[in-house]
Every structure is written in structure tokens, then in C-alpha cells.
Amino acid sequence: MIETILDIQSLRVSLPTDRGVLNAVRGVDLQIKRGQTLCLVGESGCGKSLTAMSIMGLLPRYAQVTSDRFEMVGQDLSKKTEAKLAKMRGRDVAMIFQDPTSALNPTLTIGRQLTEGVMRSEGLSRKEADARAIELLDRVGISNPAARLTQYPHGFSGGQRQRIMIASALMGRPRLLIADEPTTALDVTIQAQILQLLGELQSDLGLSILLITHDLGVVAAIATEVAVMYAGRIAECASASDLFATPMHPYTKGLLAAIPVPGVTPRGCELPAIPGRVPGLIGTMNGCAFRDRCAHSLSRCADDPVPQYYPGTGRFVECVKAAEAET
């Protein structure tokens, strides 16, 4: 049996605001097995990054987090103290943040930023930590890594800083790597190199990866499983091959229809767009959150709970029409 690295059921994250309670994550289920890449996809504001920050235990103190199950490598995260969660970061789970320019401290050398955590958590000597950092910098494609340890972030290009962030995340040899939009700020050539690098590291090290993105081109290049998130919930979950071949949720279909297909989409044509915008998540929400943007919505789409349909192993869709179409 393949080991389950992350198992989340009914995760909810609420944040108090001046206008009321923002229910940013509204009952998310996610499961990632060893060696798997799960891509969490959706528009900005749908709760992807908050889900990741919940896993890392990095939400602000005023955030209210509840779940029916919240386990990583067999440990219940909901029962961990802050001190115990801190020990798990880097060792069991690590994160590549969206912007390497802001994630790296401009006043500290690369070497110090890479080694400080493992020296503290694993008790490594400076020499041992430097050796690991040099090995990982070389692994991620940074030339002359030993000399680079004494340099500061401003001495590296955007693509190099992203590679350094990957090396930093791998210093503790984690089992789960969370990558939050790791290629957003990079040009397409560097983006392809970073995705190839993540794939190689996953194969070599046996990593499980949770990749957060809104770019379905990135998903097609790296994902084994895809969870499409909308307004704080998972609208559809499937293997990457099934999702691209036969999308079932209207939101997923709309996202895929908006992607130009080389050799098929006429040059200069207007691409389809999903009308409207993601609804506000302050207060309670009944029924399907996508119904006001859906061309196929019905009156019963406003009813709770929205039917959940499981058309095959590992596949899930939350939609009235999808469930009825298969019955």
C-alpha cells in the first residue's frame, strides 16, 4: 500500500474582518500519497494559499481553523503545539513561497539562510550544514556553489533565487514539498527549467508535492492529480489525464476552454471567458458558489448540500448536473 503523506478532511479556515467573518476555506478534502504531485488550481482568492498556510501552521493567531481530520505522515496536526509544528517544518514539510525576492532576506548571505534551520533543528555543525547546502545548490543547478554561499540574494537572477528557494526547502529533507505559484514571476524558459527540476528532484528523492497554481499549462506539465478549487471548496478532483480529457464541473470546463491550443485555436480569435467574478466569502453561503456564473445552473443549485458525485476511483465532482448526467 502506498503511504499517505497528507490527509485532510473538511478543513475550514475563517478570518474575522471589519465586515464580518471571512469563510475563506469551506470544507476542503485533500489527500496526497508518497511520490505524488497534487496540483491545487483555481482563480486568485479561492483559498489555495490559505490552505497551504494551514498545512504549514503559518496562519495568524486570529485565524480559526477546524477540520474533521488533519494528518501529515500519520501525525494529527490539529493536536500539535506551536513548538512541535515548528519542528515538523523543514523536516516533514517545507514550502517554496511565491516570490523568492521577498522570501530571501537581503541582509543575510545565502549560506546562512540555507544552513541556520538545519543547524538548529538537527544539531549539524557549520561544516556539515555547509556541505549539505553546497550539495543541494549544485543539485538545483547553481554553478560554483561553495563560493556562492558567501553571496547575498541581490547577486542572483530571479531564476537563480527560485532555485535557491528550492534548495532551502529541501535542506531538512522533507517528505512533502508545498510550492505556492513557484513559477509565476519567471519567463517561460526559466519556468520550464524549474518544473523540470521539481520533477527530477521528486523522482530522485521520493518527494510528495502540493503545487499551487492558476496556470493549467503548469498543471499539464507536472501533475499526477488535480484538485480544482473555487470559493473555498474543491469543485472537482481527478487524475491529470482524466481532468484534461473529460472535465466534469462547469468551472473546470470554463478554465480549460480559456486556454489556447497551438495549431487549433485560430490566431487573433477571442478566447472564451467565464463571466462574473468569484463571490465574496463573508458570512454564510448556501448551495453551489459557482451557480451565478454557470450557464447551466438550476434552481436547486441554491440548495444545501450540493450533491457530491464519485464517478470513479480517485475522482470527485461537486455539481448537481454532473451527478444527474451519470444517473
Side-chain angles (χ1 to χ4, degrees), residues 6 8-13 22-32 37-52 54 67-68 181 210-220 223-259 272-281 284-327:
L6 181 70
I8 297 174
Q9 290 185 9
S10 196
L11 173 66
R12 295 179 178 273
V13 179
L22 174 66
N23 296 301
V25 179
R26 304 182 303 115
V28 162
D29 296 351
L30 289 176
Q31 189 177 85
I32 303 177
T37 297
L38 172 66
C39 282
L40 191 57
V41 184
E43 294 170 90
S44 297
C46 69
K48 304 186 302 297
S49 293
L50 279 176
T51 299
S54 301
S67 63
D68 291 344
E181 303 275 11
L210 173 60
L211 179 67
I212 298 171
T213 184
H214 62 269
D215 188 338
L216 286 169
V218 170
V219 174
T224 51
E225 304 289 325
V226 185
V228 180
M229 195 168 185
Y230 185 78
R233 287 188 64 81
I234 302 300
E236 182 169 1
C237 190
S239 68
S241 57
D242 286 345
L243 188 96
F244 282 94
T246 56
M248 298 186 70
H249 197 281
Y251 180 58
T252 309
K253 294 177 181 179
L255 292 176
L256 291 173
I259 302 174
I274 301 173
R277 63 181 64 185
V278 179
L281 298 178
T284 59
M285 178 179 295
N286 296 318
C288 175
F290 187 66
R291 65 182 184 274
D292 291 338
R293 305 176 70 186
C294 180
H296 308 289
S297 63
L298 305 168
S299 60
R300 58 183 176 277
C301 292
D303 297 339
D304 264 342
V306 181
Q308 298 179 343
Y309 178 56
Y310 298 83
T313 303
R315 184 141 205 199
F316 158 83
V317 61
E318 188 173 81
C319 177
V320 170
K321 294 284 286 186
E324 289 181 348
E326 298 294 326
T327 58

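All of these numbers come straight from a predicted model, not from anything done at the bench. Hydrogens, waters and symmetry mates are skipped; everything else that's a heavy atom, side chains included, is used.
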Please list, chain by chain and in numerical order, all residues satisfying side-chain hydrogen bond (donor to acceptor under 3.5 Å, both in side chains) with Arg293, sequence neighbours excluded.
-> Glu43, Tyr230

Ile8 side, atom CD1; Leu210 side, atom CG - distance, nearest 0.5 Å = 8.0 Å

Please name all residues satisfying side chain to side chain contact (heavy atoms under 4.5 Å, CB included) with Ser297, sequence neighbours left out, ordered by chain then number.
-> Arg291, Cys294, Cys301

If you round to the nearest 0.5 Å, how far is CG of Leu255 from NE2 of His249?
-> 10.5 Å

Excluding sequence neighbours, so at least two apart, what forms side-chain hydrogen bond (donor to acceptor under 3.5 Å, both in side chains) with Asp29?
-> none

Which pair of heavy atoms, one from Met285 and one from Gly280, lies closest together, and at what distance?
-> CE-O, 3.5 Å

Pairwise distance CG(Leu216) to CD1(Ile259) - rounded to 0.5 angstrom | 4.0 Å

Under the side-chain hydrogen bond (donor to acceptor under 3.5 Å, both in side chains) rule, collect the residues that match up with Thr37, sequence neighbours excluded.
-> Gln202

In short, Ala231 meets Ala289 closest at the heavy-atom pair CB-CB, 3.6 Å

dist Leu38:CG -> Leu6:CG (nearest 0.5 Å) comes out at 8.5 Å

Between Cys319 and Tyr309, is any pair of side-chain heavy atoms under 4.5 Å apart?
-> no

Please name all residues satisfying side chain to side chain contact (heavy atoms under 4.5 Å, CB included) with Ser241, sequence neighbours left out, ordered by chain then number.
-> Ser239

Under the side chain to side chain contact (heavy atoms under 4.5 Å, CB included) test, residues paired with Asp215 that sit two or more places apart | Gln191, Thr213, Val218

Are Val41 and Ile212 close enough, and set up right, to give a side chain to side chain contact (heavy atoms under 4.5 Å, CB included), and what steps lead you there?
-> CA-CA 6 Å; Val41 184; Ile212 298 171; over 6 Å; no

N/O donor-acceptor pair under 3.5 Å between Thr252 side chain and Met248 backbone = no

Could you list the residues that satisfy ring pair (Phe, Tyr, Trp, His ring centres under 6.0 Å) with Phe244, not counting sequence neighbours?
-> none

Measure from the side-chain N and O atoms of Asn286 to the backbone N and O of Asp303, and report whether any donor-acceptor pair falls under 3.5 Å.
-> no

By side-chain hydrogen bond (donor to acceptor under 3.5 Å, both in side chains), Ser49 pairs with (sequence neighbours left out) Asp180

Measuring from Ile234:CD1 to Leu40:CG, what's the distance to the nearest 0.5 Å?
-> 5.5 Å

Sorted by chain and number, sequence neighbours left out, side chain to side chain contact (heavy atoms under 4.5 Å, CB included) with Asp68 holds for Gln9, Ser10

Is there any salt bridge (charged side-chain N to carboxylate O under 4.0 Å, His left out) pair reaching into residues 230-241, and which pairs are they, with sequence neighbours excluded?
-> Arg233-Glu318, Glu236-Arg315

Glu225/Gln31 under side chain to side chain contact (heavy atoms under 4.5 Å, CB included): CA gap, chis, key distance, verdict | CA-CA 10 Å; Glu225 304 289 325; Gln31 189 177 85; over 6 Å; no

Output the distance between atom CE (Met229) and atom OH (Tyr251), rounded to the nearest 0.5 Å.
-> 10.5 Å

Decide yes or no for Ser54 and Leu11: does some side-chain heavy atom of the first lie under 4.5 Å from some side-chain heavy atom of the second?
-> yes

